[in-house]
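A short worksheet on the structure shown next.
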Amino acid sequence: MSKQGWTLVVILAGFAVGISLSRQPWQELSEQKRLRNTTLAETKQVEQQRSDLLRRNAELDSPYGMEEQARKAGYRKPYEQPLTLD
């Protein structure tokens with residue numbers, strides 16, 4: 001075999017060894033990306049729930065929200081008369 005042939009064999013062997021040794025880190029990287037995406041999706045969902053709860057809490061703490069809850073429970077203002085439909 002000529003010198004160029006051996007050089008080509010060594011280069012191809014080095015390339016094959018490099019690919020085989022780098023497979024596991026690439027698989028780990030893919031797994032970490034999948035885990036990160038899952039965690040980000042869960043975080044967004046929890047943040048959305050928190051935002052909804054804060055908004056709902058602010059509505060209930062407002063005077064309008066308190067009145068709405070009282071009316072749902074059957075309370076009315078002393079001067080109000082219930083509507084009766086004939």
Side-chain angles (χ1 to χ4, degrees):
M1 234 185 185
S2 69
K3 190 175 183 179
Q4 291 176 347
W6 281 109
T7 304
L8 182 60
V9 168
V10 169
I11 289 174
L12 290 176
F15 186 72
V17 168
I19 287 177
S20 67
L21 291 177
S22 69
R23 186 171 30 158
Q24 183 180 1
W26 285 106
Q27 289 173 345
E28 289 177 8
L29 178 64
S30 296
E31 178 64 23
Q32 288 176 359
K33 283 182 179 181
R34 187 193 60 74
L35 183 61
R36 178 193 57 130
N37 291 339
T38 302
T39 305
L40 284 175
E42 290 173 359
T43 302
K44 283 184 179 182
Q45 182 182 11
V46 169
E47 286 177 353
Q48 182 64 39
Q49 289 173 350
R50 182 179 182 274
S51 173
D52 292 343
L53 288 173
L54 287 173
R55 181 185 47 77
R56 181 69 179 141
N57 191 33
E59 288 175 2
L60 293 176
D61 284 345
S62 72
Y64 175 75
M66 289 181 196
E67 181 179 348
E68 181 182 3
Q69 289 299 319
R71 288 183 182 275
K72 284 182 181 177
Y75 294 100
R76 60 179 169 80
K77 294 179 181 177
Y79 57 86
E80 290 182 337
Q81 295 296 322
L83 273 178
T84 55
L85 299 175
D86 294 331

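Small disclaimer: the values here were computed from a predicted structure and weren't measured.
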Do the non-hydrogen side-chain atoms of D52 and R55 ever get within less than 4.5 Å of each other?
yes

How long is the straight-line distance from OH of Y64 back to CD of Q69, given to the nearest 0.5 Å?
10.5 Å

Charged N-O contact under 4.0 Å between E68 and R71
no

In residues 10-25, what donor-acceptor pairs under 3.5 Å come from side-chain atoms, sequence neighbours left out?
from, atom 1, to, atom 2, distance (Å)
S20, OG, A16, O, 3.3
S20, OG, V17, O, 2.9
S22, OG, G18, O, 3.1
S22, OG, I19, O, 3.2
Q24, NE2, E28, OE2, 3.2

One should read off an interatomic distance between Y75 OH and E67 CD, to the nearest 0.5 angstrom, of 14.0 Å

Flag the pair E47 and K44 as a salt bridge only when some basic side-chain nitrogen lies within less than 4.0 angstrom of an acidic carboxylate oxygen.
no

How long is the straight-line distance from CZ of R34 back to OG1 of T39, given to the nearest 0.5 Å?
9.0 Å

Going from CE on M66 to CG on D61, what distance comes out if it is rounded to the nearest 0.5 angstrom?
5.5 Å

How long is the gap from CZ on R36 to CG on L29, to the nearest 0.5 Å?
9.5 Å

Working to the nearest 0.5 angstrom, can you tell me the gap between L53 CG and Q48 CD?
10.0 Å

